Protein chains: 2
Amino acid sequence: MSTKYKRGSFQLMKSMNRSTILNMIREEGPISRADIAKKTKLTPPTVSNIVKELISTQFVIETTQGMSKGGRKPTLLEINADQFYTIGVDVGTTQMKFVITNLFGKLKSHTTLTIPPFPSHEDILSIMKKGIRELMDGADLNKFLGIGVGMHGIVDPEEGRSLFAPAFQLHDIPIRDVLENEFNMIVKVENDARAMTLGEYWFGNGNDADNMLGVNVGNGIGAGLMVKGRLFHGEHNLAGEIGHITIDLSGPKCNCGNYGCLQTLAAGPAIAERAKKELKAGRPSLIHELVDGDYDKVDGQKVYEAATQQDPFSIELLHQTGRYLGIGLTNLIHTINPKRMIIGGGVSGAGEFLMRGIEETIQSRGLTDKAKETSIVLSKLGEHASAIGACVLVLEEFFIRQE
Amino acid sequence: MSTKYKRGSFQLMKSMNRSTILNMIREEGPISRADIAKKTKLTPPTVSNIVKELISTQFVIETTQGMSKGGRKPTLLEINADQFYTIGVDVGTTQMKFVITNLFGKLKSHTTLTIPPFPSHEDILSIMKKGIRELMDGADLNKFLGIGVGMHGIVDPEEGRSLFAPAFQLHDIPIRDVLENEFNMIVKVENDARAMTLGEYWFGNGNDADNMLGVNVGNGIGAGLMVKGRLFHGEHNLAGEIGHITIDLSGPKCNCGNYGCLQTLAAGPAIAERAKKELKAGRPSLIHELVDGDYDKVDGQKVYEAATQQDPFSIELLHQTGRYLGIGLTNLIHTINPKRMIIGGGVSGAGEFLMRGIEETIQSRGLTDKAKETSIVLSKLGEHASAIGACVLVLEEFFIRQE
DNA sequence: AAATTTTTCTTAAATTCTGAAAAAAGACTT
DNA sequence: AAGTCTTTTTTCAGAATTTAAGAAAAATTT
């Protein structure tokens, strides 16, 4: 049994307290030293000493004075939010999104570049460099703490590599090494669904759900698992590959070779496929007009658009999709039992339409009342969730004690 | 976000080191102080001081001297395995098993009592007390560290209660309070699948798999999740209720009301059901003889027996069951991605026959080579796995730093 | 018998938290 | 307006514990 043999030391003690205080300021600030001492059960001198250090690193500043409660006014402490920025990249199947956020995850600027079909390793890396350079242009380099990359497919976060990107059919892209070399700052790489989850946990709808799960529904379906406030990767970084869990043995064939994978029933292409079939069979729908009779143009996006315009067929189709997704999510409730699940990714625009089916299914299939109580919410960060989450990868380095 | 605000203190530092050293002795002993210092990166005096304390608590003893490597012979340290005992209880659907183990999880004695049909709260608790009293009879009370209980159904380990035991249709049995009151020692209560998993992790086939999963296949199917060496419960202690994950939307109806739950395809009753159907249809099999034509007597057990005697029908039936189970396990690989899965519970006797189907399915359905590498092994602790795991619940209190 | 290696113990130094109390700043009372 | 009380923050001595360095002890090798 490899209960990693952790050693207690002065350094550990200090870094735990540093991290605790810094995060308390981040999450509950503005807050006074005295309040921190009360809440952490650290003594006032300890808090004062560490705060002094934090102020000297410029992560924390003293702001306004607070209201007195009958004595000396407290000096309030706050994260120096705009002193440092982080860069986040979200590598999708056709687009690469770039964002700059401050220490509170607030979007400062963003841009998007297009990925050509059948890109090479070099294509991906040079688009990445280009986008980052563009975004950083003119700014003070010292302001940037690092770069985070959220990438679809299988990623090795420890080595900072994309091991396999299905949409590009590329293996083993050494993202971290290349970017670190180019920009000379910390670079973190993570799977996009996990990045999204992390983003929602820190700055989105994940708040106060220590055990939660982000579900990224787009061309495929991926999830990020949050266990005790940290991302969970599994043994080979495959945790959360829920697009390929089997929910219907006699379901449609998946590109992975099996039948009835969740994503053959609930991902974007599955929606488009079902829509096409019905449309060709003459089913009346607004989609006919949207694509002008060219069924090849039907995709998830078109269905959402039609649904937004109250097209009954599209609404029903998304409802049905929500029910399928709900079955997958119910399986997750019975496996992981998270406090909350956050639905994001390409479909999150159509989230409301999916939601009803999801909720219905969980209510009908959940094993117990507690299972049915699992809160399901839509992404708050929307289309930038993965990129903002990628920024959090960098923030974690500075805010969370690394063990 | 509730990143629990942990405070670093001298006590914490000390207790971390204490726990580290104690566990190193447990897992790697006999071992010398010098070796512990090397491996933990603690300094020799720190190790010596803590070891002195551990010896004074009688958990550790100096044993033989080791081989010298060219200098003074090392004094080897070992867990004082038989200085203390723990009591483990496994509450099944028809039987309650009781074991006494030493600090190495070694079985010292055991007994089994029968649970009557439709038991009341009081029945369960009094059988429990009776079995424990019987087993402790005559022994020195100071030898016992505590009592652990593994109970099927939904359990609240924090409150030490069985929230719902489906086999008895009982709610809210206050096991811990009653036993603590009766025996005046630490009492821990946990779900049986989780207890089994913990047992295998400490003393069975879980060794060195920090992220692993124990699967208990009996009348139902339950799993225990091990994350970073500790049991994972989920938000409402429902994590691992994998008997009710849907794998076949058009599968058989489950007693939970849904269709195609894993346990309608792969648990004991499902095996019996399929066997009966085929037998009644005239399928030749050794089972006919085993039950003497009375199909009501057919259960999982009979099928295993027949398989053991090379009955082709039973072997094929278990093979098929293994394939179903494999689908469930593949879903878990793609969700949790554990390093290892351990199959135990009522069916573990028939494990070999299931294994082939499980392996086949994982090989054919695993998403990547890494997924296919997941090691699947049978329980080492067999029928006592849950009860021994229940003992570990108590050992954790003494060996693992509680935070 | 001397040199070397390994284990263990001793002592002093370093790090960090803790507790008591003082200082600072403001609010309330008379 | 002065004095007293509260609250916040800092200061400083003391305590807990690890760390570093060296010495003693014991066994093996030369």
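Excluded from the calculations below are hydrogen atoms, water molecules and symmetry mates; all remaining heavy atoms, backbone and side chain alike, are included. Order of the sequence lines sets the chain letters (A, B, ...), proteins ahead of strands, with each chain counted from 1. Predicted model, so just to flag it, every value in this text is computed and none were measured.
- As a whole-Å value, the separation of B:R33 CZ from C:dT10 C1' is 15 Å.
- Annotation: A:F398 is in aromatic contact with A:F59 [ring centroid separation under 6.0 Å].
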Starting from the C-alpha separation in whole Å, work towards a yes-or-no answer on side-chain contact (heavy atoms from CB on, under 4.5 Å) for A:I25 and A:I31.
CA-CA 6 Å; A:I25 295 172; A:I31 187 172; 4.1 Å; yes

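- Side-chain N/O atoms of A:R72 and base N/O atoms of D:dT7 include no donor-acceptor pair closer than 3.5 Å.
- Note on the helix from C:dA1-D:dT30 to C:dT30-D:dA1: terminal axis deviation equals 10°, with five pairs used at each end and the result rounded to 10°.
- Spacing between atom CG of B:L12 and atom P of D:dA16 amounts to 17 Å, rounded to whole angstrom units.
- No hydrogens or angles considered: a donor-acceptor pair under 3.5 Å links the side chains of B:R340 and B:S375.
- Distance, B:I31 CD1 to C:dT7 C1': 14 Å, rounded to whole Å.
- Partners of A:K380 according to the side chain to side chain donor-acceptor pair (under 3.5 Å) rule, which considers only residues two or more places apart in sequence or in another chain, do not exist here.
- Contact check, B:K38 against C:dT7: a side-chain N or O comes under 4.0 Å of OP1 or OP2.
- Counting only N and O atoms by type, the side chains of A:T86 and A:T101 include a donor and acceptor under 3.5 Å apart.
- The CG atom of A:N102 sits 12.0 Å away from atom CZ of A:F84, with the distance rounded to the nearest 0.5 Å.
- Residue A:T75 has a polar side-chain atom (N or O) positioned under 4.0 Å from OP1 or OP2 of D:dT9.
- Here the CD1-CE distance, from A:I342 to A:M226, works out to 10.0 Å after rounding to the nearest 0.5 Å.
- Within the 4.0 angstrom heavy-atom criterion, no nucleotide atom of any strand lies near B:K52.
- Atom CZ of residue B:F399 and atom CD of residue B:E27 lie 10.0 Å apart, to the nearest 0.5 angstrom.
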Let's go through B:T197 and B:L213 carefully: what are the C-alpha distance in whole Å and the side-chain angles of both, what is the deciding distance for side-chain contact (heavy atoms from CB on, under 4.5 Å) to 0.1 Å, and is it a yes or a no?
CA-CA 7 Å; B:T197 307; B:L213 201 150; over 6 Å; no

N/O contacts under 3.5 Å, protein versus nucleotides 15-19 of chain C?
residue: C:dC17; atom: OP1; partner: A:N17; partner atom: ND2; Å: 2.7
residue: C:dT18; atom: OP1; partner: B:R7; partner atom: NH2; Å: 3.0

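- Spacing between atom CG of B:L77 and atom C1' of C:dT8 amounts to 12 Å, rounded to whole angstrom units.
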